[in-house]
Amino acid sequence: MERASDGRVLVVADTNVLINFLRAGRLDLLRDHRRYRIVVTEHARREVTYPDQASVLAAALSAGDIGEIELTDPTELTLFAELNAVLGRGESAAIAVAANRNWLIATDELGRARREVHERVGTNRLMNTPGLILSCVRDGGITVEEADEIRSELESQGQTFAVSFESFGDLL
Amino acid sequence: MTISRKELAGRLKVARENAGLTQQEVAEEVGLTRLAVVRIEAGKRVVNSLELAEMTRLYGRGIAEFLEEGVFEEDPLVALFRAAPNYAEDPKLKRELLHCVELCREVANLEKLLGLSPSSALLVSYGPGTLSSRWDAINQGRYLAAQERNRLDLGTSPMWELPEIIVRQGVRVTEYEMPDAVSGLFFHSEGTGFAIVINRGHSLSRRLFSYAHEYCHLLADRDRFGGISHAGNRSELAEVRANAFAAHFLMPEAGVRSFLKALGKGEGTRQNLEIYDEWDQVPAQKRMPAGSQEVQVHDVVSLAHHFGASYEAALYHLLNLGIIRKGNFENLWEGKEGQGPIRRALRIPARDEGTHRDLAGQLLSLGFEAYRREEISRGKLTELAEEAGVDRDEIEEALHDFRQQSEPVGAILPVE
């Protein structure tokens, strides 16, 4: 696993994970994560379309709270192009980076996107939104109560976030 | 092996030039400065995946084409405009067609993912027949129309659903705004499959004629990778053949005669029959009043409506079939101004001129199925929808019932 200059493990996050933290109003958790340095690709700005979320993201990217990278290496571009035949641009870019740079990937996508992550990145370099929240609890960044509040907040906003456990405390 | 940055830069330049776009236009569309585009094309500035995706979309090409080793294949539009260079200068037409090519590529990709037969496997080819004169061209068009009607088991019925029939043969069909002198065009390539584009601004009857015309090109002119049918090339033999095909395909002779017979028209004023009764012949004769069989303006109006043709196309067809003579043709041509009041008096309903074919329906029906089968992601489906002009909220609503009923997920963390 590759590490940033500050020693944190590099994680490329797909836009769906980023949006979950924006919806919860807790982008600070990504900024302050003790173990992981969260980075997004150049597609994230375009894929976050709600104006309030977009402005928060823009500020976080400008401040360097979340890293932003571009895919310019021909090998990554080739993989990106191949994946874009079946996946959206943002998820294609994230998988291409994780596969080519030996980074971790954070994504909540299922179906074809999940299959591509397993095949190209591997099952052991994958995390999702609940996993990231859990890692914040484990590292002492937030309490179990705070984590469960985030979960409740996300669940109340739609069906795209449904977890199989009652409390993050059950996973510790 | 991947291609070098320099090779990628060169391909982007060629594709932009083929698309007839200036560096300034590309810069504005992609959100770059013109200098940035100049430097990218010179290989002095790297292009990122977002810029590359936007540029290739503008050029109507797939991203992968720019990165694959080997020969950078010719843009289908280059072949299309080679035969009609004047139209290559029309930026609106070119922009519409680039978009069309891109959608066709996505349709072809989805067909492949779904394991459907490619359009090249579905569409029959009659091969390019040698055309030495207009006479040949007209006869070939008539013959091909009869062959194709027979192959498709269409009988003699009208073909108001012609675009759907053509779609079922594996051809993508769509309509765009085009200069008035252009009736339609066709193109095909490995990446796009077969496509017909019709002038959206023309009347429904004219569009139907154009669909049949372009369909003929795909059946008989497969050696050409594309062509534009416009006022300037209508005397070319392939165009004459396609026009003859269109007239006979839309208005089969047997169907026309049958329709006129039902109107009590189109037969001789004197008809003779003879029956044999095992001993001898028994003659019978019927005389119709003079002039009773002569086709009138209201007959042409009814006939044209029945077959979905224009008054003019129906009239010429009657002449070519020998049902009317030159003198009668001229009278009926003179009388065409009266078709409107006759149409109203005969209570002939107006056809829905507002119904236009587009590729969005074809693309998204394949897209929904590919998403349902988990061949593409939701993100890809949303991109396809946006490319087809369907906005994000609409697609979310449409996807409500498609939503994958996944089990609640656990917390996934990497193995460290």
Closest heavy-atom pair, L413(B) versus G131(A), reported as atoms and distance to 0.1 Å, is CD2-O, 3.2 Å
Can you name the nearest heavy-atom pair linking N84(A) to I63(B), along with the distance?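 Looking at all heavy atoms of both residues, the shortest contact is OD1-CD1, 3.4 Å.
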Do you know which of [options] has the most heavy-atom pairs under 4.5 Å to chain B?
options: T123(A), L171(A), V86(A), I133(A); result: V86(A)
options: R46(A), E76(A), R125(A); result: R46(A)
options: L134(A), N124(A), L132(A); result: N124(A)
options: E47(A), E70(A), E116(A); result: E70(A)

Chain A heavy atoms under 4.5 Å from [X]: which part of the residue, side chain, backbone, both or neither?
X: L50(B); result: both
X: E375(B); result: both
X: L52(B); result: side chain

Roughly how far, to the nearest 0.5 Å, is CG of L110(A) from CZ of R378(B)?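 Interatomic distance, R378(B) CZ to L110(A) CG, rounded to 0.5 Å: 11.0 Å.
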Gap separating the CZ atom of R112(A) from the CG atom of L113(B), nearest 0.5 angstrom: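 One gets 6.5 Å once the value is rounded to the nearest 0.5 Å.
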Are any of the side-chain nitrogens in K380(B) or E109(A) under 4.0 Å away from the carboxylate oxygens of its partner?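 Between E109(A) and K380(B) there is no salt bridge, as every charged N stays at least 4.0 Å from the carboxylate O atoms.
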E91(A), part contacting chain B, at a heavy-atom distance under 4.5 Å: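 Just its side chain gets close to chain B.
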Would you check if the side chain of S164(A) reaches a backbone N or O of V409(B) as a donor-acceptor pair within less than 3.5 Å?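 Yes, S164(A) side chain to V409(B) backbone: donor-acceptor pair under 3.5 Å.
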For residues S49(B) and H43(A), determine if any side-chain heavy atom of one lies less than 4.5 Å from a side-chain heavy atom of the other.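 Side chain of S49(B) against side chain of H43(A), heavy atoms only: contact under 4.5 Å found.
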Quick check on R101(A): does its CZ atom have over 12 non-hydrogen neighbours (other residues, nucleotides or ligands) under 6.0 Å away?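 Atom CZ in R101(A) is crowded, with more than 12 foreign heavy atoms closer than 6.0 Å.
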